[in-house]
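Each remark here refers to the structure printed beneath this line.
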Amino acid sequence: MKKHVFVFKFGGASIKDAEGVRNVAAILEKYRGKQVIIVISASGKTTNHLEEVMYAHFNRTGQVNEKLDVIKNHHRRLMDGLFDPGDPIYEEVEALYREKDWIFEPPASDDYDMIYDQLVSLGELLSTHIVAAFLNRCGLDTLWVDARSVIRTDATYRESQIDWETTQNQVNSLIKPVVEEGRFVLVQGFIGSTAEGLTTTLGREGSDFTAAILSYCMDAEKMVIWKDVEGVLTGDPRLFKNVTKLPWLSYKEAIEMTYYGASVIHPKTIKPLQNKNIPLYVQSFIHPETEGTYIGPDVEEHYPPIVILDKNQTLLHIATRDFSFVVEHHMARLFKVFADLRIFINMMRNTAISFTVCVPNIPDRIQKLKEILEDEYTVTTEDDLELLTIRHYEENVLKSMTRGKIVLMEERLRNTVQLVIKDIPLIERI
Ligand code: ASP
Ligand code: MG
């Protein structure tokens with residue numbers, strides 16, 4: 001049975017400065033008395049800045065404090081714009097920094113992914129403490145909940161998998177009763193915890209997924225992702241001109257789009273919602289009155305061309321050294337190496353003695369792959385490529401988008417065409 005619960009996700013852009021936080025509070029003001037769970041990401045570019053701290057720490061560049069100061073100054077400015085001097089929030093935030101001090105003290109751990117999660121989770125802890133405090137100062141009764149006591153995961157740091165049963169039980173005991181009392185619950189996106197109590201993260205941009213997990217566990221009436229665009233568009237407005245808003249999408253189309261690299265929604269978001277038929281709205285926090293995109297079951301399946309550009313791709317050309325045919329046993333071995341190294345294949349093609357794949361360019365993983373395959377195969381790479389996917393393509397759109405471009409690999413299916421291309425400038429028309 002669906003409850004009248006709304007799950008709202010606000011991303012980093014919505015709370016990048018004090019004005020943004022005030023705007024979020026103004027949106028929530030309209031839901032006073034309703035049952036609302038608020039999921040918040042790190043403010044602005046904090047996660048990227050924390051990754052820089054992590055880099056400085058691990059590579060001993062001597063810049064840890066300098067990089068941390070960028071984060072501290074950002075949050076100080078944010079608080080200065082929202083609170084009076086001496087407000088208890090300043091001390092709460094100081095305590096959060098202190099909790100992370102151990103990371104930088106010797107002996108340094110060499111478990112990069114584990115330490116990454118312990119450190120990078122700071123972004124969501126800071127933002128949620130600040131926003132929850134501000135909402136309460138505005139008279140919106142909000143309980144700050146620690147996602148680490150709710151979202152239980154395994155220990156695959158940086159890409160952890162959800163333990164659904166434990167998470168459901170923890171939602172039932174820690175979130176449900178509070179929401180039913182009519183208080184807002186505010187929780188960090190992106191982070192969770194292992195059974196041993198170590199912090200984990202769900203993968204970059206994972207706050208959407210957190211909101212979907214909570215929507216699922218709460219049988220929410222709807223989930224809303226509040227964004228700085230008016231909804232899901234036919235292409236990324238930063239890359240393409242003349243994009244238009246899609247008023248509706250089926251779950252299936254949304255899953256396909258995210259699979260092909262559309263960054264508007266985290267790829268794992270749709271499935272939990274679809275399992276319980278919970279509609280997802282993508283809506284503008286700048287113009288909250290305007291209708292966004294509705295994503296749900298049973299929508300008419302007719303779409304305009306939708307364009308997705310995935311940057312920073314590499315073509316890996318893998319050929320057998322002894323000129324033996326690339327047959328099933330080679331494929332089995334190659335796929336296993338790709339899976340073990342978590343290199344995701346976006347497109348592939350095999351010929352008699354070679355196998356060519358388009359993958360995201362993650363240099364350390366590709367280097368490992370080369371080392372593993374060295375004995376049997378020659379592996380050559382071609383970097384700086386882009387993967388262009390057009391759903392519901394029309395020949396004229398395809399033509400106009402590839403004019404003057406070098407197409408290195410192409411695949412056409414009924415609904416989708418994918419092209420690996422070199423250097424694509426701003427496209428005028430789609
Ligand atoms: N703050 C995290 C990130 O930037 C999670 C999120 O934004 O969803 O990746
Ligand atoms: Mg973010």
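Both counts, for ligands and for their atoms, begin at 1 and track the order of listing. A quick note: this is a predicted structure, and the numbers were derived from the prediction, not measured.
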Quick check on contacts: which atoms of ligand 1 are under 4.0 angstrom from a heavy atom of [X]?
{"X": "S41", "result": "6 (C), 7 (O), 8 (O)"}
{"X": "F190", "result": "2 (C), 5 (C)"}
{"X": "R204", "result": "3 (C), 4 (O), 9 (O)"}

When the ring centroid of W226 is compared with that of Y281, is the distance short of 6.0 Å?
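Distance test on ring centres: not under 6.0 Å, no.
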What do you reckon, are the aromatic ring centroids of F58 and Y112 less than 6.0 Å apart?
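Distance test on ring centres: under 6.0 Å, yes.
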Is there a polar contact between ligand 1 and T47, counting only N or O atoms under 3.5 Å apart?
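T47 vs ligand 1: N/O contact under 3.5 Å present.
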Is there at least one pair of N or O atoms, one from E124 and one from ligand 1, spaced under 3.5 Å apart?
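N/O-N/O distance below 3.5 Å exists for this pair.
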Can a non-hydrogen atom of G206 be found less than 4.0 Å from any atom of ligand 1?
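Within the 4.0 Å threshold, so yes.
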Parallel, tilted or perpendicular, as decided by the 30° and 60° cut-offs, for the rings of F8 and F6:
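Rings of F6 and F8: parallel, under 30°.
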Note: E382-K422 ion pair, threshold 4.0 Å (strictly below):
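Salt bridge flag = yes for K422 with E382.
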Side chain, backbone, both or neither: which part of H266 comes within less than 4.0 Å of ligand 1 when only heavy atoms are counted?
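No part of H266 comes within reach of ligand 1.
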Quick test of your reading: applying salt bridge (charged side-chain N to carboxylate O under 4.0 Å, His left out), list the pairs with at least one residue in residues 182-201, sequence neighbours left out, ordered by first then second residue.
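Found D141-R183.
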Please identify each residue that fulfils salt bridge (charged side-chain N to carboxylate O under 4.0 Å, His left out) with K67, with sequence neighbours left out.
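Residues passing salt bridge (charged side-chain N to carboxylate O under 4.0 Å, His left out) with K67: E52.
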